[in-house]
Amino acid sequence: MKIESLDLSDEIKRFYENSGILELYPPQAKAVEKGLLEGKNLLAAIPTASGKTLLAELAMLKSVLAGGKALYIVPLRALASEKFRRFQEFSGLGIRVGISTGDYDKRDEGLGINDIIVATSEKTDSLLRNETAWMQEISVVVADEVHLIDSPDRGPTLEVTLAKLRRMNPSCQILALSATVGNADELAAWLDAELVLSEWRPTDLMEGVFYNGTFYCRDKEKPVEQPTKDEAINLVLDTIKEGGQSLVFESSRKNCMGFAKKAVSAVKKTLSKEDREALAGIADEILENSETDISSVLANCVRAGTAFHHAGLTTPLRELVEDGFRNGKIKLISSTPTLAAGLNLPARRVVIRSYRRYSSEMGMQPIPVLEYKQMAGRAGRPRLDPYGEAVLLAKSYEELVFLFEKYIEAGAEDIWSKLGTENALRTHVLSTISNGFARTKEELMDFLEATFFAFQYSNFGLSAVVDECLNFLRQEGMLEKDPDILVSTVLGKLVSRLYIDPLSAALIAKGLREAGTLTELTLLHLICSTPDMRLMYMRSQDYQEVNDYVMAHAGEFSRIPDPFNIAEYEWFLGEVKTSLLLMDWIHEKPENEICLKFGIGEGDIHSTADIAEWIMHVAAQLAGLLGLKGAKEATELEKRIRYGAAPELMDLLDIRSVGRVRARKLYEAGFKTTAELAAASPEQIAALVGPKIAERIFKQIGRKGTAPESTTTEPLEKGSPEGQRTISDF
DNA sequence: CAGGATTCGGTATAGACAGCATGTC
DNA sequence: CTATACCGAATCCTG
């Protein structure tokens, strides 16, 4: 099917033809035949890289140019910015594109001027909770990676959000994009959607198993040279020899880094002079970006054309690795499943070095077929590689047979809604009521009838769980007591808007109410005892230290569980360990030291601090609303967690381009406030932080200084929360 | 006796969304 | 509670 023949405006057709797209891929053509451009709901369950994005674009452009508004829902922030950048290419067509995620946000209402908006599923939910007006104008919703409905922690949000959007805009077109799953027909039926099911790929994919020096595919086998003792390295070298790159999936970070290191000497030999120079440049950028031990290991790997990629790396480092791979310099990325879903980063050959992964409940377990397909699907760059190869490794003939049956010949699993537990429902029940989607139990059940859970299981089973949720929410004062109607209280509305688990909010409120003195530790641990926090695991070497710390600070914890209750106490120690990490962070311990002490990466520090900052914000808000102690303390801690700094630096941190390190330098040199800084000579400051930064600093405080106002020591906003405190009665 | 191979025991185990208001080194 | 791979240390083997 030709682009030219589509029912689209000429400018759209020209846009695609100019970029070299003249003809649709077969699955895309099928989607058009099934009504993609006529506003029909559609579920496309087709492989990665077979043109899902184009489908979404066509539907969105068609609708937007007819005066509509499109919402593109993604599961990852990184994916949101990838799509955002792509859609910005439509600006020539007069189309405005916006992005909304937790870390990057054009203000809600301002977002509404855009024609296409990219958002994560949680952010979409949050926008709904905040009753963002423009959401009613949405005419197309694209739900990317919709198979994530199966995910226990994030699936419920996605399905409830889709149900809300459909309830709000019944005429809105839904385009759901999914990996191939077992029960795509069921998912399509739930969405009242036509189903496009296809295994077609633009680049051939050969899936097979490597065993005993040979790569076995379905219908052919090919020997691979064995210059080294490591089979995976030999596969990598073989790919390089053919001019391709490899992506190696590992099941742990340690292995992931280990393999990149191990491959260094072999891969290095294959590099050209230009490659070496380009790689040295990337390595230097890595070192400029981060000074931890891990980043110097990464830099050394990159110099040799290998790299590793996992969530312990900060975002800039990950991006450097991804870009280096995309432009062909890095020959091998050894990765945890970070790269399996999401980002578009294909390679000639994918090697799955371990198909088993540890889970605390089940021990080592084979990964799901769906996940295997996602990794294998990364093989083969469209238009660049003649074919792609996905390789599993077997140590025995039996294993080879097993792998063929289990993964290569097998279809993906069915997906199942995970909405049916109190943990999943609690927050959505509250937000549904808070938003006025339901004012009675019947209306609530009626709304839930529209979820995938009800479609799969009937919502009969939901009723009892919903009652549990309602009881909980009433008991915690988030819903009015009246049993006949469902109305959220002021507290309930706040909890819904702050996007926190009502259980977390309840725990925080209880902790603040019952606390004696509120120390840093008390508040941090309170945050860490919340289900929204992500905890660190205890390693055996941690027990001693963490336990000693608990003993020494016993009075500062709101509650210490009985050590003989092993499971509960173990959990508690994990909370304390995470609190200790945050303590180190807000006392300005250097990042590398924290990494070494806790055995984590820089990326983990930031993500932990990020969550903690959010929950601390919630604590401050709750304390304010409920008139509990701790509002001031929590607000300060929120800021300290954001910057990772001690209290005495708070004033200096208000200056842009001054973070924990520079603020400390200035402070130690005797410039303890912005006022003292304003009185200093530019030379003094330049000696401390460099002339460029010094100039920036003076530009900011200088401006304040020249303002006719006064010479008070607080030229910058230090908002006192007094007066805006509302005491709710309950 | 040195150096490499082998075995044994201890140990650790993927990822990532959200509020709010603007810019770390 | 279920497994496995890796690491380092101790031990064994070989030239």
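Below, chain A is the first sequence line, B the second, and so on; all start at residue 1.
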Return the set of residues passing salt bridge (charged side-chain N to carboxylate O under 4.0 Å, His left out) with A:Glu588 (not counting sequence neighbours), or none when no residue passes. A:Arg664

Does [X] put a side-chain nitrogen or oxygen below 4.0 Å from OP1 or OP2 of [N]?
| X | N | value |
| --- | --- | --- |
| A:Tyr643 | B:dT24 | yes |
| A:Thr336 | B:dG15 | yes |
| A:Thr157 | B:dA18 | no |
| A:Arg253 | B:dG15 | yes |
| A:Arg357 | B:dA14 | no |
| A:Arg534 | B:dA18 | no |
| A:Lys262 | C:dC6 | no |
| A:Arg77 | B:dA18 | yes |

With sequence neighbours excluded, tell me which residues meet side-chain contact (heavy atoms from CB on, under 4.5 Å) with [X].
| X | answer |
| --- | --- |
| A:Thr427 | A:Arg129, A:Pro502 |
| A:Ala663 | A:Leu649, A:Leu652, A:Leu653, A:Val658 |
| A:Glu159 | A:Ile149, A:Trp190, A:Ser417, A:Leu419, A:Thr451, A:Phe452, A:Phe453 |
| A:Met362 | A:Ser359, A:Gln365 |

Checking N1-N3 plus N6-O4 or O6-N4 for Watson-Crick, or N1-O2 and O6-N3 for wobble, each under 3.5 Å, the partner of B:dA16 is none

Contact residues, residues 538-545 of chain A to DNA chain B [heavy atom, < 4.0 Å]: A:Arg539, A:Ser540, A:Gln541

I need the CD-P distance between A:Glu231 and C:dA5, as an integer number of Å. 13 Å

For atom NZ of A:Lys123 and atom P of B:dC17, their distance in whole Å: 13 Å

Salt bridge (charged side-chain N to carboxylate O under 4.0 Å, His left out) pairs touching residues 286-295 of chain A, sequence neighbours excluded, are none

By ring pair (Phe, Tyr, Trp, His ring centres under 6.0 Å), which residues pair with [X], not counting sequence neighbours?
| X | result |
| --- | --- |
| A:His309 | none |
| A:Tyr372 | A:Tyr407 |
| A:Tyr537 | none |

Below 3.5 Å is the cut-off: list the nitrogen or oxygen pairs between protein and nucleotides 2-4 of chain C, distance only.
from, atom 1, to, atom 2, distance (Å)
C:dT2, O4, A:Glu361, O, 2.4
C:dA3, O4', A:Met364, N, 3.4

Candidates [options] - which lies nearest the side chain of [X]:
| X | options | value |
| --- | --- | --- |
| A:Arg353 | B:dA18, B:dC25, C:dC6 | C:dC6 |
| A:Arg662 | B:dC17, B:dC25, B:dT13 | B:dC25 |
| A:Asn255 | B:dC20, C:dC6, B:dA16 | C:dC6 |

Are A:Ile73 and A:Glu145 packed together at the side-chain level, in the sense that at least one heavy-atom pair is separated by less than 4.5 angstrom? no

Using the P atom in both, what is the distance from B:dC17 to C:dT4, to the nearest Å? 32 Å

Confirm from the modelled atom types if A:Glu638 and B:dG19 form a donor-acceptor pair under 3.5 Å, side chain to base only. yes

Earlier contact from the 5' end, DNA chain B, for A:Arg642 and A:Ala78: A:Ala78

Polar side chain donor-acceptor pair, A:Ser290 to A:Glu602, under 3.5 angstrom: yes

Counting Watson-Crick and G-U wobble pairs with both distances under 3.5 Å, what is the dot-bracket string for DNA chain C, 5' to 3', using [ ] for crossing pairs and | for pairs to another strand? ..|||||||||||||

Taking atom CG of A:Leu491 and atom CD of A:Gln621, what is their separation to the nearest 0.5 Å? 12.0 Å

So what does A:Val618 hit on the nucleic acid, given a heavy-atom distance under 4.0 Å: a base, only sugar-phosphate, or nothing? nothing

Mind checking A:Ile611 for me? I need base, sugar-phosphate or nothing, with any heavy atom below 4.0 Å counting as a touch. base

